[in-house]
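All ligand and atom numbering here is 1-based and tracks the order in the structure.
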Amino acid sequence: MQAKIVLLPGDGIGPEVVAQGERILQAVAKKYGHSFQFTTCPIGGCAIDEFGDPLPEKTLAACRESDAILLGAVGGPKWDDPTAKTRPEVGLLKIRKELGLFANLRPIFVSPHLVSSSPLKAEVVAGTNILFFRELTGGLYFGKSGKETNADGGETAFNTMIYSTHEIERIVRLAGQAARGRNKRVTSVDKANVLEVSRLWRRVFERVMKEEFPDIQFENVLVDAMAMYLVARPKSFDVVVTENMFGDILTDEGSQLPGSLGMLPSASIGSSGPGLYEPIHGSAPDIAGRGIANPLATILATAMLLRHSLKLDAEATAIEQAVDRVLAKGHRTSDLAMGGPSIGTTEMGSLVLAELA
Ligand code: IPM
Ligand code: MG
């Protein structure tokens with residue numbers, strides 16, 4: 001197979017972890033006889049520095065023409081000035097919107113080898129395997145927003161959480177389909193006791209599930225309760241579907257179940273066109289440039305890329321198994337080492353490569 005892959009390393013530890021992802025993809029291409037053509041483009045803070053724009057037109061054009069995109073992370077203290085004209089995060093939100101990437105898949109899987117790295121008790125987390133579907137191009141992050149100065153000199157600011165039937169239906173369908181290949185249960189998370197938009201979300205969710213997925217069990221959980229259940233009984237969830245901000249927050253919470261944000265990949269997909277794959281962690285400016293970031297989330301993101309965008313299932317599984325073997329042998333980056341001996345970013349990449357070969 002021939003494929004065009006765009007690399008968007010971004011800021012902070014982004015370039016370090018994407019470099020490892022690229023090595024893995026190159027090794028897969030070689031081993032399985034594929035030809036991947038890589039193009040690297042700027043996004044986020046580094047793109048603001050160079051072009052004054054967190055998502056330069058050229059970057060977007062290269063992404064549109066590609067088969068899949070691998071992103072590192074965007075943002076950092078350098079671009080945090082609240083009065084700045086634009087922000088790195090704007091680039092990420094814009095690429096999601098422009099490419100129609102409405103579904104963000106975030107698997108939260110606790111490897112048996114990492115149970116002891118979790119801040120929770122082993123008996124609570126062991127066996128956790130949740131697939132989150134976070135709606136990614138609607139809701140509070142994209143609704144009308146504004147700010148104004150009041151007569152009393154104070155200020156007022158607002159954001160709007162807004163969803164339409166069609167936006168809810170399409171993500172619920174993806175969640176339902178995914179549940180068919182898993183344990184056949186879908187949990188929808190909302191705040192229907194308070195928010196009108198959640199009441200619409202719940203009505204649409206229940207209708208789609210009843211009409212189109214009679215074989216799948218479903219339930220509704222309020223977001224505040226879900227924050228609690230996620231740490232109290234994470235094993236009881238299979239597929240979870242929720243709106244943009246609830247998904248953003250709950251998946252960061254969920255990322256602690258396997259002990260580190262550094263383990264979790266994500267896939268952002270639309271109804272057609274390239275998908276965007278990234279670790280769910282951010283740019284981690286505190287450790288950037290030190291060669292100690294955990295590259296496994298990005299490496300696992302390359303597996304998602306191969307599976308979802310290129311339909312290379314065997315290759316994806318080979319990467320996941322290689323990661324599993326490296327962890328089984330006890331190798332840990334510092335985020336997982338709990339004060340014990342740890343290895344660096346490149347070394348971890350090399351170990352996965354060795355297992356792949
Ligand atoms: C994420 C990140 C982004 C988001 C930020 C960087 C805009 O937190 O992918 O979860 O909120 O979607
Ligand atoms: Mg987030």
Legend entry - Side-chain (E243) to main-chain (M245) donor-acceptor, under 3.5 angstrom: yes
Inset, instruction - Check whether any side-chain heavy atom of K329 lies under 4.5 Å from a side-chain heavy atom of H113, and answer yes or no. - result: no
Legend entry - Main-chain N/O of A73 paired to S283 side chain as donor or acceptor, under 3.5 Å: no
Legend entry - E169 and R207 ion-paired at < 4.0 Å: yes
Inset, instruction - Could you please tell me which protein N, O or S atoms lie under 2.8 Å from the Mg ion (ligand 2)? - result: D248 OD1
Show me a pair-per-line table, with atom names and distances to 0.1 Å, of protein N or O atoms that are under 3.5 Å from an N or O of ligand 1.
{"from": "ligand 1", "atom 1": "8 (O)", "to": "D248", "atom 2": "OD1", "distance (Å)": "3.4"}
{"from": "ligand 1", "atom 1": "9 (O)", "to": "R96", "atom 2": "NH2", "distance (Å)": "2.7"}
{"from": "ligand 1", "atom 1": "9 (O)", "to": "R106", "atom 2": "NH2", "distance (Å)": "3.0"}
{"from": "ligand 1", "atom 1": "10 (O)", "to": "R106", "atom 2": "NH1", "distance (Å)": "3.4"}
{"from": "ligand 1", "atom 1": "10 (O)", "to": "R106", "atom 2": "NH2", "distance (Å)": "3.0"}
{"from": "ligand 1", "atom 1": "10 (O)", "to": "R134", "atom 2": "NH1", "distance (Å)": "3.1"}
{"from": "ligand 1", "atom 1": "10 (O)", "to": "D248", "atom 2": "OD1", "distance (Å)": "2.9"}
{"from": "ligand 1", "atom 1": "11 (O)", "to": "D248", "atom 2": "OD2", "distance (Å)": "3.0"}
{"from": "ligand 1", "atom 1": "12 (O)", "to": "R96", "atom 2": "NH1", "distance (Å)": "2.6"}
{"from": "ligand 1", "atom 1": "12 (O)", "to": "R134", "atom 2": "NH1", "distance (Å)": "3.3"}
{"from": "ligand 1", "atom 1": "12 (O)", "to": "R134", "atom 2": "NH2", "distance (Å)": "2.8"}

Inset, instruction - Look only at the side chain of N244 and the backbone of Y141, and say whether a donor-acceptor pair between them is shorter than 3.5 Å. - result: no
Legend entry - Side chain T187, main chain V240, donor-acceptor under 3.5 Å: no
Legend entry - Salt-bridge present (E89, R87; N to O < 4.0 Å): yes
Legend entry - Under-4.0 Å salt bridge between D49 and K78: yes
Legend entry - S188 OG to F218 CZ distance, which is reported to the nearest 0.5 Å: 10.0 Å
